[in-house]
There are 2 protein chains.
Amino acid sequence: MKPPRRVFVVGGAQTPFLGRGHPDFVWKGHPDFGARENPTLDEHIGSAVLGALAAANVPADAIEKGYVGNFLAECFARQGHLGAMVAAVDPGLHGKPFARIEAACASGAAAIAGCIDAMAAGHDVTLAVGAEVESGVPGRDGIDFMARAAHYDRSRAWDPFTFPWLFARRAKAYKEAFGATDLDLGGVVEKAYANASGNPDALMRAISVTAEEAATASERNYLFLEDEALRDHIRLLDCTSFTDGAAALVLATEAGLARLGIAAERCTEILAYGHTVRALGDELHGDPLAFDNVAAAAAIAYRDAGVGPDDVEIAEVHDCFSISELLQYEAIGLAGRGEGAALLRSGATARDGRIPVNPGGGLLGGGHPIGATGVRQVLEIHRQAHGLAAGHQLARPPRVGVASNLGGDDRTAVVTVLRRA
Amino acid sequence: MKPPRRVFVVGGAQTPFLGRGHPDFVWKGHPDFGARENPTLDEHIGSAVLGALAAANVPADAIEKGYVGNFLAECFARQGHLGAMVAAVDPGLHGKPFARIEAACASGAAAIAGCIDAMAAGHDVTLAVGAEVESGVPGRDGIDFMARAAHYDRSRAWDPFTFPWLFARRAKAYKEAFGATDLDLGGVVEKAYANASGNPDALMRAISVTAEEAATASERNYLFLEDEALRDHIRLLDCTSFTDGAAALVLATEAGLARLGIAAERCTEILAYGHTVRALGDELHGDPLAFDNVAAAAAIAYRDAGVGPDDVEIAEVHDCFSISELLQYEAIGLAGRGEGAALLRSGATARDGRIPVNPGGGLLGGGHPIGATGVRQVLEIHRQAHGLAAGHQLARPPRVGVASNLGGDDRTAVVTVLRRA
């Protein structure tokens, strides 16, 4: 989909992504335990929305419509109706049409897509929000909640850890088919945590991991699947962690920019996106060696944007598990089939490589507050493109970027192509 | 919002709305208990989508995009990612961009609004689905889930029955301010159940209630609020019941109709809609005597449609509680402030009245599978307008209709104006 009216990212903000591993996150082992609480869902949404308005220098009452991407607030925070929670952030937002969009882990990108459509319908300034607060419930409950991104009833036959099991299945197949190793997957983790160390908003900014550590089972990096056939193919560090956080973006058309008095040069244009959805419950029927659905979305996005993988100077990909990053490289055309591990080994996707991928830590290093992720990815590309990325700014601000947000096991894919205006 | 490209309802379908009170609904007291199960969420969605495609005479692969409105599947059915569940219904839907929209009890209308925006962006044929399966959990859990349409944490101080409490508060204030009586509210219930008796898809099609019965506390119609100050102002029959069901609509632009070879005369045009959202958590700060937010949405919808309340020949209003119907009359301009009860008493909103309201039973009589309701309302107007409403068809098919879908206690309002094409 090429936006029929041009759409620009004017500015945005994210909250620090919090969870186990982040020095500010309060839990049983933290010195502040009992003395203060972690921020609530309201607080994350409020901070991100007000931060985005401030970063864009846009008054709240200029917002005409918006969507909030969220997957599981009804389970984690006993809260639905998040559109009305966004309307509560500022009096300037009262009365505006906000609603929640849910597409599992691709909820954030789907919210942006909703805003793009709204702008096609005549709105000139919109707000895309993404948020998730996942702490405050026992881990087992959290794992069970996550299974709602697959066909829950069918998934019960697989393993209690639905998504780690699905991606361990892919990791095993990938290693067997293409000669990749656990150390290659460890290399994904090492890069993610290293990149997070420069990002003040990253969950894992204070933690470092080597590829060897990530590739080796240990007390810190344990095996946990019940299925013996797949148990050795995923460790704790291969997985994203429960995270609290929110991100928000102000989007505008050309008419909106003119009305707001904002120069397009400050902005990043959304050239096109592809959004494709495959059948829930069919997770085991596709090719475990590829994200075919992401590839379909990427093909649409590149076609409609009029650019190709060779033009991409930054990619934010959905590394929900270490294997996902390699499959994402291949699905968005950065590497050929089975060549993702070699691309990583070559250093091309490092911060100083030819095509930096997840230079702020991605999901593994930066954290994955689910609904926020797709919004955070686009924010990251906007910030990198304009030299606004704080401690993890790339030396050469990229011009063309791709964000790839995934829901479930290759069920919902949203691939977005952006270009500095 | 006036759709920038004209949008037509081509056809749609709903599943029979099931729950306690419906002869086909299996529960402990039913002779089939243990012998068969009630339909699942997949099955409701599948039936509604295939039924809508059949009714519209549109092949699945003609659908270009769609949204599914749903409030609480993650709680009631342990299921998110419903966009991918829609994609699973038919091979022709595979790969298409579907996502879920959530706006509490207004999720269905918000899904239609999302489709309208998608059509503005260039899609010509879209699918709006709404679904909820609420059975299968204990009633107390269901009540707790519903509180997620308010600000959950703040609502804990009110009453365990969040929404009955909020609407009892409105009922008490309305009776005191305007001299309405419990018998007036009972009249809403009587009309709803009587209208449902002709509707083969209605939850309460086999049950009749008189206004006197509805207005009198009894073993069948008990008081249940804990708050003594409001306890007498709501009874069981004043409330909608937990319901399972789904509804779906095929929508098309003029270009879409041309491509499909469908005459506009078969269709109902969506002239305009208003979508307004007020701050979650502020439920106690507004005027209990009016749905101010619904009125704001209605004003936008009428203005953009170029019609007024006097033109309306059918209204589908969100009678989540008996008091809601009277407040809806006033908010959408069928009656002046405080005059809703008099309008009901006059018979004007009866099936043979000047402006029939909820001629198939609405939410109280027809059932309220939450995400399905907003879609079912528009379907109902389309069917009535074209003489397709089975046993509850109005004698004179209406030309102009209004659907008013509400989320929370006057937090999200979506008012849609339609006209037979």
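In what follows, every chain begins at residue 1, and chains take the letters A, B, ... in the order their sequences are listed.
A donor-acceptor pair shorter than 3.5 Å cannot be found between the side chains of B/D117 and A/H123. At a cut-off of 3.5 Å, with distance as the only test, a side-chain donor of A/D42 or B/H151 sits close to an acceptor on the other residue.
Remark: side-chain polar atoms of A/Q79 are paired, donor with acceptor, to backbone N or O of B/A150 under 3.5 angstrom. A distance-only check finds no donor-acceptor pair linking the side chain of B/E102 to the backbone of A/E102 [under 3.5 Å].
Here OG of B/S155 is found 10.5 Å from CZ of A/R78. Values are rounded to the nearest 0.5 Å. Put simply, CE on A/M85 and CZ on B/R411 are 12.5 Å apart, with the number rounded to the nearest 0.5 Å.
Chosen from B/G95, B/G408, B/A104, B/G83, the residue pairing most often with chain A at heavy-atom distances under 4.5 Å is B/G95. Per-residue counts of heavy-atom pairs under 4.5 Å with chain A were compared for B/A120, B/A88, B/G80; the largest is that of B/G80. In terms of heavy-atom pairs under 4.5 angstrom with chain A, the leader among B/T276, B/I101, B/N293 is B/I101. Most heavy-atom pairs under 4.5 Å with chain A: of the set B/A149, B/A413, B/A110, this distinction falls to B/A149. Among A/R148, A/K96, A/M119, the residue with the largest count of heavy-atom pairs under 4.5 Å with chain B is A/R148. The candidate from B/P91, B/G407, B/C75 with the greatest count of non-hydrogen atom pairs under 4.5 Å with chain A is B/G407.
Ion pairing between B/R100 and A/E74 holds under the 4.0 Å rule for side-chain N and carboxylate O.
Pairing each heavy atom of B/H275 with each of A/F98, the nearest pair is NE2-O, 3.8 Å. Counting all heavy atoms, side chain and backbone alike, B/A99 lies closest to A/A103 at CB-CB, 4.4 Å. Contact record, B/A84 with A/R278: CB-O, 3.4 Å, taken as the closest heavy-atom pair.
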Evaluate the criterion side chain to side chain contact (heavy atoms under 4.5 Å, CB included) for residue pair A/H81 and B/T412; output intermediate values, then yes/no.
CA-CA 8 Å; A/H81 212 169; B/T412 292; 2.8 Å; yes
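Looking at B/L72, both its backbone and its side chain come within 4.5 Å of chain A, counting heavy atoms on both sides. Residue B/K2: no heavy atom, backbone or side chain, is found under 4.5 Å from chain A. The parts of B/A118 that come within reach of chain A are both its backbone and its side chain, each placing non-hydrogen atoms under 4.5 angstrom from that chain. When heavy atoms are compared at a cutoff of 4.5 Å, B/Y273 approaches chain A solely by way of its side chain, counted from C-beta outward. In this structure, the portions of B/F71 lying under 4.5 Å from any heavy atom of chain A include both its backbone and its side chain. In this structure, chain A has a heavy atom under 4.5 Å from the side chain of B/M1, while its backbone stays farther away.
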